[in-house]
Amino acid sequence: MPDTVRCPLLTVHWILMRQNISGGSPYEPIVGFSRAVRVGNMVHLAGTGPVGADNEDTAGQTRRIFSIAEKALAEAGATFADVVRTRMYLTHVEDWETVGHVHGEFFASVRPAATMVVVAQLLNPAWRIEIEMDAVVSDH
């Protein structure tokens with residue numbers, strides 16, 4: 001159902017288009033998820049692990065996630081400058097500073113609202129970090 005705004009002189013309807021962005025995972029149709037979803041000017045990036053960087057250190061895994069995220073955001077018409085929120089899930093509390101430094105490499109000037117949480121384990125036991133992002137695409 002479209003969103004509607006009513007005023008005495010006119011009624012405006014918005015139909016928000018949905019764009020699902022695939023990350024190429026064979027599990028996407030099985031589990032029923034997308035790497036990212038854009039609705040209107042909002043982009044939601046799903047929890048992204050360091051696929052292909054299992055043997056990297058924490059900084060390497062975090063940079064791999066940012067590489068995957070950058071591609072998905074671009075496909076949705078967004079950049080890191082549009083990101084307004086990040087959520088970082090770490091499996092080792094001692095990694096917080098390393099992850100924070102890499103996060104700062106990408107967001108030092110953007111400074112999105114950020115949350116860092118330590119969890120018991122991620123889907124792949126070799127992963128030390130997983131990150132979610134939300135973006136609002138502006139009319140540059």
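- Between the side chain of Glu28 and the main chain of Gly24, a donor-acceptor pair closer than 3.5 Å is present.
- Of the N and O atoms on the side chains of Thr86 and His103, at least one donor lies less than 3.5 Å from an acceptor on the other residue.
- By the 4.5 Å heavy-atom criterion applied to side chains, His44 and Arg38 are not counted as neighbours.
- Side-chain atoms of His92 and Val118, non-hydrogen and from C-beta on, never get closer than 4.5 Å to each other.
- A pairwise comparison of heavy atoms in Trp127 and Asp54 identifies NE1-OD1, 3.0 Å as the closest pair.
- The environment of Ile30 atom CD1 is dense: over 12 non-hydrogen atoms of other residues, nucleotides or ligands sit within 6.0 angstrom.
- Side-chain N or O atoms of Gln61 include none that pairs as donor or acceptor with a backbone N or O of Val51 at under 3.5 Å.
- Note on residues 119-137: pairs passing salt bridge (charged side-chain N to carboxylate O under 4.0 Å, His left out), not counting sequence neighbours, are Arg87-Glu132, Arg87-Asp134, Glu94-Arg128, Asp95-Arg128.
- In this structure Arg85 satisfies the side-chain hydrogen bond (donor to acceptor under 3.5 Å, both in side chains) test together with Thr115, sequence neighbours excluded.
- Pro50 and Ile65 make their closest contact through N-CG1, 3.6 Å (heavy atoms, listed as atom of the first residue, atom of the second, distance).
- Nearest heavy atom pair, residue Gly77 against residue Val137, reads O-CG1, 3.5 Å.
- Between the side chain of Glu70 and the backbone N or O of Thr79, no donor-acceptor pair lies under 3.5 Å.
- The two residues Trp96 and Met116 have their closest heavy-atom pair at CB-SD, 3.4 Å.
- Looking only at side-chain heavy atoms (C-beta outward), Ile21 and Val37 stay at 4.5 Å or farther from each other.
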